[in-house]
Amino acid sequence: MRTSILMVGLAASVLIACSTVQPPSKPQPLELVGTWKVDLRPTPDADPYFQEFVVTKVEGKTFSGTFYGSPISQGRLNSDWGAVRIAFVTADGSGPYNHSAVLSGGRLEGLTHSTGRDFLSYWSASKQ
């Protein structure tokens, strides 16, 4: 008898827990707006090297701002796959830099590909 009461209680607890689980929230591209502190260290064991990523506007599937002091061009975003994913281009005297990142858990994790300087680098950012 005592075992069956415990089993009923356990079953009720499981049902209550399952009924209160919320579906994942839809990604919010507006979370991008603001100033981000970007760590551009070249290797995991290098000292941090910080620059700013500033998103001034998100409109539909586009965004604008600056990265490393350079204006963003072709800022695009996609939130159709359960996260906010972005891509954009900046440039300096060496040529274009193609960037992409994923917003997850309040952090950005990204890649930068420089065709003029022939490198691919990883970076991460948190909002200031």
Side-chain angles (χ1 to χ4, degrees):
M1 175 78 168
R2 184 177 178 128
T3 303
S4 61
I5 292 173
L6 288 173
M7 294 298 283
V8 169
L10 179 60
S13 296
V14 169
L15 287 173
I16 290 169
C18 289
S19 68
T20 59
V21 172
Q22 299 295 318
S25 62
K26 183 173 164 83
Q28 299 298 317
L30 287 176
E31 290 179 40
L32 288 170
V33 175
T35 301
W36 296 80
K37 183 178 182 180
V38 181
D39 187 350
L40 293 167
R41 71 181 81 196
T43 61
D45 57 342
D47 290 335
Y49 174 61
F50 297 113
Q51 290 291 325
E52 286 188 344
F53 174 44
V54 180
V55 178
T56 55
K57 184 178 180 183
V58 170
E59 187 171 29
K61 299 280 186 180
T62 66
F63 68 97
S64 56
T66 60
F67 186 80
Y68 202 107
S70 295
I72 290 171
S73 67
Q74 302 173 34
R76 301 294 181 263
L77 65 90
N78 184 314
S79 59
D80 296 334
W81 295 88
V84 176
R85 291 175 170 82
I86 62 173
F88 59 99
V89 179
T90 59
D92 66 11
S94 70
Y97 292 78
N98 299 295
H99 311 273
S100 64
V102 176
L103 175 61
S104 179
R107 286 181 45 85
L108 284 167
E109 290 198 33
L111 294 172
T112 294
H113 176 225
S114 170
T115 56
R117 295 192 175 169
D118 195 27
F119 71 79
L120 177 68
S121 65
Y122 165 83
W123 52 268
S124 61
S126 55
K127 211 169 205 182
Q128 293 182 328

Heavy-atom closest pair, residues [X] and [Y]:
X	Y	result
Thr90	Pro71	CG2-O, 3.7 Å
Val84	Leu32	CG1-CD1, 3.9 Å
Gly60	Leu77	O-CD1, 3.9 Å
Lys127	Val33	NZ-O, 2.6 Å
Pro27	Ala83	CG-N, 3.4 Å

Exercise. Should Tyr49 and Trp36 be regarded as members of a common hydrophobic cluster, given that ILVMFWY residues are connected when their side-chain heavy atoms come within less than 4.5 Å of each other, either directly or indirectly?
Worked result: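 Yes, one cluster joins them.
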For this session: Consider only side-chain heavy atoms of I, L, V, M, F, W and Y, link residues closer than 4.5 Å, and tell whether Leu111 and Tyr97 are in one cluster.
Result: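 In one cluster: no.
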Between [atom1] of [X] and [atom2] of [Y], what distance do you get to the nearest 0.5 Å?
X	Y	atom1	atom2	answer
Arg41	Asp47	CZ	CG	7.5 Å
Ile72	Gln74	CD1	CD	11.5 Å
Leu108	Ser124	CG	OG	9.0 Å
Asn98	Thr112	CG	OG1	9.0 Å

Atom [atom1] of [X]: over 12 foreign heavy atoms under 6.0 Å:
X	atom1	answer
Asp80	CG	yes
Glu59	CD	no
Lys57	NZ	no

For this session: Specify whether Phe53 and Phe88 have parallel, tilted or perpendicular ring planes, treating 30° as the upper limit for parallel and 60° as the lower limit for perpendicular.
Result: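 Ring orientation of Phe53 relative to Phe88: parallel.
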Exercise. Is the centre of the Tyr68 ring less than 6.0 Å from the centre of the Trp123 ring?
Worked result: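 Distance test on ring centres: not under 6.0 Å, no.
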Exercise. With a 4.5 Å heavy-atom cut-off, do Tyr122 and Glu109 have their side chains touching?
Worked result: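 Touching, per the 4.5 Å side-chain cut-off.
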Problem set entry | NZ/NE/NH1/NH2 to OD/OE distance under 4.0 Å, Arg107 and Asp39 |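 Asp39 and Arg107: not salt-bridged.
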Exercise. Counting only N and O atoms by type, is there a donor-acceptor contact under 3.5 Å from the side chain of Thr56 to the main-chain atoms of Ser64?
Worked result: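 Confirmed, Thr56 side chain pairs with Ser64 backbone.
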Exercise. Is a donor on one side and an acceptor on the other found under 3.5 Å between the side chain of Lys26 and the backbone of Ser79?
Worked result: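 The answer is no, because no donor-acceptor pair under 3.5 Å joins these two groups.
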For this session: Only one of Val89, Thr62, Ile86 passes side chain to side chain contact (heavy atoms under 4.5 Å, CB included) with Arg76; say which it is.
Result: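 When side chain to side chain contact (heavy atoms under 4.5 Å, CB included) is applied between Arg76 and each of Val89, Thr62, Ile86, only Thr62 qualifies.
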